[in-house]
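One structure is given below, encoded as structure tokens.
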Amino acid sequence: MDNNIKIIPFGGVRENGKNMYAVEIEDQIFILDTGLKYPENELMGIDVVIPDWEYLREHKDKIVGVFLTHGHADSIGALPYFLMDFNVPVFGSVMTIALAKLAVKNHKEVKKFNDFHVVDASTAIDFNDVTVSFFQTTHTIPETLGVVLETKAGNIVYTGDFKFDQTAKKGYQTDLARLAEIGSQGVLALLSDSAGAGITGASAREQDIGDYIKETFKYQNGRIIVASVASNIMRVQQIINAAVAVGRKIVLSGKDIEQIIDTAMSLGKLHLPDDLFISRKEAEKLEPNQVVILETGKMGEPIKSLQQIANGDNPNLQLTSTDLVFVTTTPSYAQETEVQKTKDMIYRTGAEVKFISDDLNPSGHANQNDEQLMLNFMKPKFFIPIQGEYRLLDRHAELAEEVGVPKENIFLVNKGDVLTYKNGKFHVGEHIDVSNTMIDGTGVGDIGNIVLRDRRVLSEDGIFVVVATIDRKKKKIVARPQITSRGFVFVKTNRQLMQQSADLVEKIVQENLDQKEFDWSHLKQDVRDKLNRFLFDQTKRHPVILPVIMEINQHQKKIKNNVEKKEEKSAKSRSTKEHHRGRGKNEWQKKRSSCLI
């Protein structure tokens with residue numbers, strides 16, 4: 001008898017990052033990764049984006065655990081927020097769990113959570129009729145694992161991030177024998193990484209990348225500012241090896257990278273001499289050709305950090321004409337515009353810029369050949385390409401057809417699609433609403449489309465504030481409307497527009513005051529609508545209009561006078577009483593004195 005199986009992507013399909021997939025087998029839900037993604041250009045002010053898991057809140061009793069494939073943000077970044085809603089065990093390799101603990105520790109709401117479980121490629125965990133096991137893959141962080149859910153109907157395999165590299169060192173190697181074993185058992189469905197589906201040539205071997213970094217360091221005479229993802233342990237090790245080889249010291253850019261390096265060293269995943277790292281003050285005493293600055297930025301994303309440095313907004317680091325900014329990370333497709341802008345900003349400072357991706361393909365993801373090799377190992381009956389934009393998923397689907405997977409057994413799913421297994425076949429049945437949850441500072445999910453729209457309008461057309469003071473009882477405007485504008489027009493050269501706007505607001509307010517029934521909300525909306533039309537006719541712009549209507553009561557003076565009279569009368573009364581009390585006290589003291597004599 002087949003299991004009742006549902007596969008639901010909550011992120012990671014038709015987008016970059018934010019990997020999160022739920023596999024529901026009978027009455028158990030297995031969560032595969034809980035990642036985040038960095039915002040695209042139009043998400044103004046948003047720090048990161050995580051999946052929306054409202055559906056899971058309604059089925060929280062079914063969740064048996066979270067199974068993490070590796071320690072990058074696209075896999076573990078949303079874990080602290082997930083644990084705020086679901087108190088379930090978390091499984092991962094030693095390195096992955098160590099980084100997950102760091103992520104959780106930085107959030108006070110869940111910093112005491114400690115239901116972590118370390119697994120490896122030899123681990124198998126029984127959950128009633130489902131057995132969860134793992135397999136080692138190659139990625140840019142050690143101990144990356146794929147996940148296997150063994151069911152009566154066959155294995156459901158989630159690769160996580162992977163590639164094949166025959167030069168990979170211990171801790172990064174793919175267990176090819178284990179892949180063959182999983183495939184021979186029968187794979188019902190394969191969820192496979194598509195991020196590199198657009199890479200037609202061979203990916204650079206990590207050994208070649210290490211040599212390239214070393215050569216770059218060797219022929220640079222000034223300081224080297226190296227931009228890297230903080231959790232890319234393999235790349236950090238290559239930077240360390242290059243610095244040691246040419247006799248340079250390394251300055252770490254912030255707390256995030258320091259914590260990750262400390263963790264990796266304590267687990268034996270990084271190897272370096274004791275005196276390699278120095279402080280910024282110590283670096284100032286050295287010659288420029290003796291210094292490397294490792295810049296990882298906030299949350300391990302270096303591009304924004306490089307922009308701040310180029311703008312002169314980083315008080316600890318100013319670029320000079322002898323500096324080399326060396327970007328050793330591969331930015332996501334969503335950041336292509338930001339990358340080009342960053343290059344331009346750095347060049348303007350006089351510094352040199354070098355991207356490793358201009359000369360090599362340093363991707364940690366499988367290229368087309370690797371993806372087809374994984375398909376041949378697994379021989380899946382059904383295939384679901386994941387982790388990539390639609391064009392990459394579509395290309396991965398074509399690659400699957402080339403190695404013999406029937407087209408009708410390949411599913412290009414969207415977030416919220418429920419892939420249901422019934423009568424020996426998968427089909428896309430119901431659809432659940434899965435949106436994005438945006439994180440801005442400490443706010444979780446309190447930024448929606450309306451707020452983003454307002455931010456976009458503010459950035460494009462500015463703000464227009466109107467302040468009017470009225471006396472509702474006398475039905476008149478007490479003071480002429482005052483107008484303040486920011487980011488809309490230059491006020492000094494547009495005085496006539498300001499005066500006309502004030503005249504219009506005065507007219508609108510008076511019309512509302514003359515009506516029999518006065519309504520505050522109607523007045524403000526009336527000002528917004530009519531002023532918006534007027535300003536658009538004049539400028540072809542739609543600023544954010546904020547009407548501020550204040551009310552005063554001109555009869556307050558008379559009331560105040562009455563109050564003052566009452567207070568004066570009360571004060572006189574108190575003074576008279578105190579006078580009599582004082583007089584009585586003096587007379588008693590005189591009598592007392594005479595008695596004592």
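- Note that the CD atom of E352 and the OG1 atom of T349 stand 11.0 Å from one another [nearest 0.5 Å].
- The backbone N or O of P302 lies less than 3.5 Å from no partner atom in the side chain of T296, so there is not a single donor-acceptor pair.
- Rounding to the nearest 0.5 angstrom, the gap separating the NZ atom in K354 from the CG atom in L324 is 7.0 Å.
- Contact of the Y81 side chain with the T34 side chain is not registered, since no non-hydrogen atoms from C-beta on lie closer than 4.5 Å.
- In this structure, the side chains of D529 and N532 stay at 4.5 Å or more apart for every pair of heavy atoms.
- Within the model, atoms CG of L523 and CD of E511 stand 10.5 Å from one another, a figure rounded to the nearest 0.5 Å.
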>> Go through it in stages, so that I can follow the logic: the residues are H522 and N512, the test is side-chain contact (heavy atoms from CB on, under 4.5 Å), and I'd like the CA-CA distance, side-chain angles, deciding distance and then a yes or no.
In response: CA-CA 8 Å; H522 180 271; N512 277 264; 2.9 Å; yes

>> The test is salt bridge (charged side-chain N to carboxylate O under 4.0 Å, His left out); show your working for R395 and E371 and say whether it passes.
In response: CA-CA 11 Å; R395 182 63 188 126; E371 288 171 344; over 6 Å; no

> Taking it one step at a time, do V90 and F113 satisfy side-chain contact (heavy atoms from CB on, under 4.5 Å)?
Replying inline: CA-CA 10 Å; V90 178; F113 178 87; 4.0 Å; yes

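- Residues K476 and D471 are not paired through a salt bridge, judged by the lack of any N-O separation under 4.0 Å between the basic side chain and the carboxylate.
- The nearest pair of heavy atoms linking Q259 to N106 is OE1-ND2, 4.1 Å.
- Of all heavy-atom pairs between D52 and F10, the closest is O-CD2, 3.4 Å.
- We find the CD1-CD1 distance between I225 and I293 to be 5.0 Å, quoted to the nearest 0.5 Å.
- For D115, there are no salt bridge (charged side-chain N to carboxylate O under 4.0 Å, His left out) partners at least two apart in sequence or on another chain.
- Between T320 and D323, the shortest heavy-atom contact is N-OD2, 2.8 Å.
- A salt bridge links K343 with D358; the closest basic N to acidic carboxylate O contact falls under 4.0 Å.
- Between the OG1 atom of T200 and the CD atom of Q368 there is a distance of 6.0 Å, given to the nearest 0.5 Å.
- In E408, the CD atom is crowded: over 12 heavy atoms of neighbouring residues, nucleotides or ligands sit closer than 6.0 Å.
- Partners of H139 by ring pair (Phe, Tyr, Trp, His ring centres under 6.0 Å), not counting sequence neighbours, listed by chain and number: H70, H72, H365.
- When all heavy atoms of P385 and S194 are compared, the pair lying nearest together is CB-OG, 3.4 Å.
- With sequence neighbours left out, E24 forms a salt bridge (charged side-chain N to carboxylate O under 4.0 Å, His left out) with K62.
- Remark: Y158 engages Y21 in a ring pair (Phe, Tyr, Trp, His ring centres under 6.0 Å) (not counting sequence neighbours).
- Taken to the nearest 0.5 Å, the CG atom of D161 stands 7.5 Å off from the OG1 atom of T140.
- A tilted orientation is assigned to the rings of Y421 and F426, their planes being inclined by 30° to 60°.
- Under the side-chain contact (heavy atoms from CB on, under 4.5 Å) criterion, E401 pairs with K407, I410, sequence neighbours left out.
- Of the possible polar contacts, none joining the S228 side chain to the T328 backbone as a donor-acceptor pair under 3.5 Å is found.
- Applying the ring pair (Phe, Tyr, Trp, His ring centres under 6.0 Å) rule to F383 yields the partners H396; only residues at least two apart in sequence or on another chain are considered.
- Here the shortest heavy-atom pairing between V466 and P481 reads CG1-CB, 4.4 Å.
- For S485 (side chain) and F464 (main-chain N/O), no donor-acceptor pair under 3.5 Å exists by modelled atom type.
- K475 NZ: more than 12 foreign heavy atoms inside a 6.0 Å radius.
- Residues meeting the salt bridge (charged side-chain N to carboxylate O under 4.0 Å, His left out) test with R533, sequence neighbours left out: none.
- With hydrogens and angles disregarded, a donor-acceptor distance shorter than 3.5 Å links the side chain of S501 to the backbone of L497.
- By the side-chain contact (heavy atoms from CB on, under 4.5 Å) test, Q307 is found to be paired with I303, K304, E338, K341, T342, M345, residues two or more places apart in sequence or in another chain being considered.
- Here the side chains of L83 and H107 are not in contact, with every heavy-atom distance at 4.5 Å or above.
- Applying the ring pair (Phe, Tyr, Trp, His ring centres under 6.0 Å) test to pairs two or more places apart or on separate chains, those with a residue in residues 494-518 are F518-W520.
- Scored by the ring pair (Phe, Tyr, Trp, His ring centres under 6.0 Å) test, H431 finds no partners at all (sequence neighbours excluded).
- Of the possible polar contacts, none joining the R57 side chain to the F86 backbone as a donor-acceptor pair under 3.5 Å is found.
- For the pair D74 and K37, the minimum side-chain heavy-atom distance is 4.5 Å or more.
- At distances below 3.5 Å, at least one donor-acceptor pair connects side-chain atoms of T159 with backbone N or O atoms of D193.
- Residues P543 and L535 share a closest heavy-atom pair of CG-CD1, 3.9 Å.
- Cation-pi geometry between K540 and F536 is satisfied (NZ or CZ under 6.0 Å from the ring centre, within 45° of the ring normal).
- Using a 3.5 Å distance cut-off with no hydrogens or angles, the side chains of N19 and S75 do not pair a donor with an acceptor.
- By the side-chain contact (heavy atoms from CB on, under 4.5 Å) test, L504 pairs with I508, L531, F534, sequence neighbours left out.
- Side chains of R223 and T322 form no contact here, defined as non-hydrogen atoms less than 4.5 Å apart.
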> Could you go step by step and tell me if S253 and L294 meet the side-chain contact (heavy atoms from CB on, under 4.5 Å) rule?
Replying inline: CA-CA 6 Å; S253 63; L294 183 52; 5.8 Å; no

> For D344 and R348, what are the C-alpha separation, side-chain angles and deciding distance, and is it a side-chain contact (heavy atoms from CB on, under 4.5 Å)?
Replying inline: CA-CA 6 Å; D344 188 68; R348 291 186 186 200; 3.0 Å; yes

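- For the residue pair D514/Q510, the side-chain donor-acceptor check at 3.5 Å is satisfied.
- Between E430 and K6, the closest side-chain pair of non-hydrogen atoms falls below 4.5 Å.
- Taking I76 as the reference, L68, T96, L99 meet the side-chain contact (heavy atoms from CB on, under 4.5 Å) condition, with sequence neighbours excluded.
- Proximity of I31 to W53: side-chain heavy atoms (C-beta onward) are nowhere separated by under 4.5 Å.
- Counting only heavy atoms from C-beta outward, the side chains of F82 and V88 approach each other to under 4.5 Å.
- Within the 3.5 Å criterion, the main-chain N or O of L412 finds a donor-acceptor partner in the side chain of R14.
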